[in-house]
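One structure below.
Predicted, not measured: the structure shown is a model, and the values here were computed from it. Order of appearance sets the numbers: ligands from 1, and atoms from 1 within every ligand.
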Amino acid sequence: MTAYRPPKIAAHDITPEAIFMNRRSFVGAAVGGLLFASADSARAAALEASPSAFKVGEALTPEKDVTNYNNFYEFGLGKGDPAANSGDFQPTPWTVSVGGMVAKPKEFGLEDLLKFPLEERIYRMRCVEAWSMVIPWVGFPLASLLDKVEPLGSAKYVAFETVVRPEQMPGQSGYFQPLPWPYVEGLRLDEARHPLTILAVGLYGKTLLNQNGAPIRLVVPWKYGFKGIKSIVKITLTDKQPPSTWNIAAPNEYGFYANVNPAVDHPRWSQATENRIGEGGFFGGSRRDTLPFNGYADEVASLYAGMDLAKNF
Ligand SMILES: Nc1nc2c(c(=O)[nH]1)N[C@H]1C(S)=C(S)[C@@H](COP(=O)(O)O)O[C@H]1N2
Ligand SMILES: [Mo]
């Protein structure tokens, strides 16, 4: 991955969480032809009542950073490229086919997916490049979707695929192709079923913008950001460990598990600390210690009991 390039953001650009929580209205307005059912009060009450791991008590990263400082190589390698180059991408209509080792394979239209009760989740996001954000997602547990297709007892993993559309994704059509397409990712079935794992359809109370993985992307907050595959069209239950794009590209640098771990450095940089985007400071961010499992150890460490985390990185 490319070297870290800090954005220029002043401290006054930070949106305090309190302001966001007060002014947020889950717009029922069409954005890119998409609709959220607008049930603000119900969603706010659910967040209030939800476990603390679902609502990190740290300042939110300003919306303009979350939507303008991105990794989405299908639209280019620079952090500003996805926002600049994704205007022609059509996130509707959309279908996600879910199959493989399941009793009831099904094609879900986006309309079907938006019928899952949507929840807000305020999660830390830690990129393997050593920058981080705090993002208020809107989505639903991946487990809810898996329940609908009834995974067979033989299924052990879940594989994901991003759409391939060179005509709408400039990063897929140039002479230089940085990655093999489609972008693919995978989780163990127990990781996929974990309550923290969600499919996101929005952030900051709004429909997901193209640069963030419209219309639907994965969010696994205790893993490095590259596991959060965007613009998903296919989900397959399998008994074999699925391929992962960055693991294929550089297996010594990016593991299948990719659990955030300050004790295991990337071969080319330290993972002990991270730059929180949008917090001002000399480099446009503030340096803080990276937490094991990105701060979600209480929730997920037991998934890896007995595993050598340095080997299974
Ligand atoms: N299809 C696809 N998904 C992807 C990527 C990508 O290049 N292509 N980049 C990943 C990386 S490295 C990160 S850090 C996150 C960034 O998500 P964000 O831009 O919404 O913050 O998306 C991940 N999902
Ligand atoms: Mo990343």
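A search for salt bridge (charged side-chain N to carboxylate O under 4.0 Å, His left out) contacts involving E191 returns K223, not counting sequence neighbours.
Between the side chains of T273 and R288, no donor-acceptor pair is found at a separation under 3.5 Å. Side-chain contact annotation: Y123 with W222, donor-acceptor N/O pair under 3.5 Å absent.
Aromatic ring centroids of F72 and F75 lie under 6.0 Å apart. Aromatic rings from Y183 and Y73 are positioned such that their centres are separated by 6.0 Å or more.
Remark: R121 qualifies as a cation-pi partner of F54 under the 6.0 Å distance and 45° angle criteria applied to the six-membered ring. With a 6.0 Å cutoff to the six-membered ring centre and a 45° limit on the axis angle, K106 counts as a cation-pi contact of F108.
Within ligand 1, counting atoms from 1 as listed, the ones closer than 4.0 Å to a heavy atom of Y73 are 6 (C), 7 (O). Below 4.0 Å from some heavy atom of N70 lie the following atoms of ligand 1, by number and element: 18 (P), 19 (O), 20 (O). Annotation for ligand 1: atoms under 4.0 Å from non-hydrogen atoms of N212 are 18 (P), 20 (O). When each atom of ligand 1 is checked for a heavy atom of M125 under 4.0 Å away, the hits are 16 (C), 17 (O), 21 (O). Ligand-side atoms of ligand 1 in range of C127: 14 (S), range being under 4.0 angstrom from any heavy atom. Interface of T162 with ligand 1, defined as ligand atoms under 4.0 Å from a residue heavy atom, comprises 1 (N).
Residue-to-ligand polar distances keep Y69 apart from ligand 1: every N/O pair is separated by 3.5 Å or more. Among the atoms of N71, some N or O lies under 3.5 angstrom from an N or O of ligand 1.
Atom CG of D88 is surrounded by 12 or fewer heavy atoms from other residues, nucleotides or ligands within 6.0 Å.
Residue R217 places a heavy atom less than 4.0 Å from ligand 1. Using 4.0 Å as the threshold, S231 has no heavy atom nearer than that to any atom of ligand 1.
Heavy atoms of E74 found under 4.0 angstrom from ligand 1 belong exclusively to the side chain. Contacts between F72 and ligand 1 below 4.0 angstrom, taking non-hydrogen atoms only, involve backbone and side chain alike.
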